[in-house]
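Below: one structure, written as structure tokens.
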Amino acid sequence: MVAMRDAAISQLRRGVLEFCVLALLRDAERYGFELVRALGEADGLVTSEGTLYPLLGRLRREGVVETTWRESVEGPPRRYYRLTPHGEALLDAFVVEWERFRDSVDALLETGAVK
Amino acid sequence: MSTTTLHPAAADYLRRLRRAGRRLPRSRLKELVQEVEAHLTEAIPPGASDADALTVLDRLGEPDEIVEAEQPQPVSVQTTRGVHEWAAIFLLLFGGFVFGFGWVAGLILLWSSRAWTNRDKWIGTLLIPGGLAATIYVGLFAVGTTAQSCSGGLGLRENCTGGFSPGASVISILVLAILILTPIATSIYLARRAQ
């Protein structure tokens, strides 16, 4: 039962995490460490920060985000991520679907009835 | 970027990440290591305590987890163990008895299957080419070249040439055992690894 719950939560996380990355990039570009730390600090969203780097790589290969390397005065060059128009469209569509999904699940969990 | 300025625990972590990611495409591994190294450089400033460094590494997770997240998930039923995979395993083990052609057919099935990684396929190819048939041929060849021949007898002093010395016999038996067990172990490995 515990394994089933953990698997379900893990899948839920995996499903929404990429959209959380896109949401963090909605208003400004961010570099990898900044993104990973922000997501790592959100309660219950990420179990291992390191697994976000493969996700960022995948989003870049899929053309959802684009990146630029920039020099940093504080250390090594940083890779900055920003949304592409395709990424923006995906995020907008997800927000609409998420609100419907969240409201329906909340209603079911709270009252045991469909909203 | 160089790992020389990194905290020793961070440098060790990167070494483990490189080792864990050996199966990834070279370009992806390079990029991944580059990103994680930048992360470690930023998160563990020079002079950070061992405890702080370990906290950062703990938050990152195990290198194996990162590599696992990098690998594509199996997407189709073709990647499960099926007739194709069992035929490959069978032919790699016994196909060599059919003039070697069966083993080559097994090799083709092995490399055309998506159920194994390239590393698994190389193991299946190299351990041992020809499968059990190769073992038999090697064994027969060894017996043929070291056969003992004797002359004399019936009151005469018997002279024997060739044959194994006791030490050589033990080594030969060990080599033969390894040659028999290796293809069997490889077949078991391939059967377990097919996903």
Side-chain angles (χ1 to χ4, degrees), chain A residues 6-7 9-18 20-21 24-25 29-82, chain B residues 1-7 9-21 23-48 52-75:
Chain A
D6 289 349
I9 290 175
S10 170
Q11 285 199 354
L12 196 57
R13 270 198 202 109
R14 208 173 299 148
V16 299
L17 204 49
E18 62 187 77
C20 295
V21 172
L24 281 172
L25 296 172
E29 59 178 19
R30 292 171 186 257
Y31 63 99
F33 176 73
E34 201 180 1
L35 273 171
V36 168
R37 268 295 151 94
L39 290 164
E41 277 159 18
D43 189 25
L45 202 54
V46 176
T47 48
S48 303
E49 290 180 352
T51 58
L52 290 167
Y53 287 108
L55 171 63
L56 292 175
R58 185 167 63 76
L59 293 176
R60 188 172 51 79
R61 289 193 296 279
E62 288 174 356
V64 179
V65 298
E66 53 193 6
T67 65
T68 318
W69 283 97
R70 297 224 188 96
E71 292 298 327
S72 159
V73 288
E74 295 166 37
R78 290 169 172 171
R79 177 178 238 160
Y80 279 82
Y81 292 78
R82 64 175 166 273
Chain B
M1 274 186 281
S2 159
T3 57
T4 50
T5 55
L6 283 175
H7 188 281
D12 178 62
Y13 185 91
L14 283 181
R15 272 192 293 276
R16 289 197 289 132
L17 179 61
R18 285 194 192 94
R19 205 161 46 233
R23 276 186 267 166
L24 296 176
R26 197 180 293 261
S27 60
R28 280 305 300 138
L29 177 61
K30 187 179 168 195
E31 194 174 67
L32 199 56
V33 169
Q34 205 173 23
E35 296 256 34
V36 173
E37 186 171 352
H39 181 109
L40 293 172
T41 308
E42 186 119 6
I44 308 175
D52 288 343
L54 291 176
T55 304
V56 169
L57 298 180
D58 194 44
R59 286 179 64 162
L60 264 182
E62 283 299 310
D64 285 337
E65 279 180 83
I66 301 177
V67 170
E68 199 178 318
E70 181 64 48
Q71 288 174 316
Q73 302 294 314
V75 288

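Numbered from 1 within each chain, the chains take letters A, B, ... in sequence-line order.
The existence of a salt bridge linking R37(A) and E42(B) is excluded, since no basic side-chain nitrogen approaches an acidic carboxylate oxygen closer than 4.0 Å.
Counting heavy atoms from C-beta outward, L60(B) and S48(A) have side chains that stay 4.5 Å or more apart. In this structure, the side chains of Q34(B) and W69(A) come closer than 4.5 Å at one or more pairs of heavy atoms.
Rounding to the nearest 0.5 Å places NE2 of H39(B) at 5.0 Å from OH of Y53(A). From T47(A), atom OG1 reaches atom CZ of R59(B) across 12.5 Å, with rounding to the nearest 0.5 Å.
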>> I'd like to know whether R58(A) forms a side chain to side chain contact (heavy atoms under 4.5 Å, CB included) with E70(B), so could you lay out the CA-CA distance, the side-chain angles of the two residues, the decisive distance to 0.1 Å, and finally the verdict.
In response: CA-CA 8 Å; R58(A) 185 167 63 76; E70(B) 181 64 48; over 6 Å; no

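In this structure, chain B has a heavy atom under 4.5 Å from the side chain of V36(A), while its backbone stays farther away.
When only modelled atom types and interatomic distance are considered, T51(A) and E65(B) share no side-chain donor-acceptor pair under 3.5 Å.
Atom CZ of R61(A) has more than 12 neighbouring heavy atoms from other residues, nucleotides or ligands inside a 6.0 Å radius.
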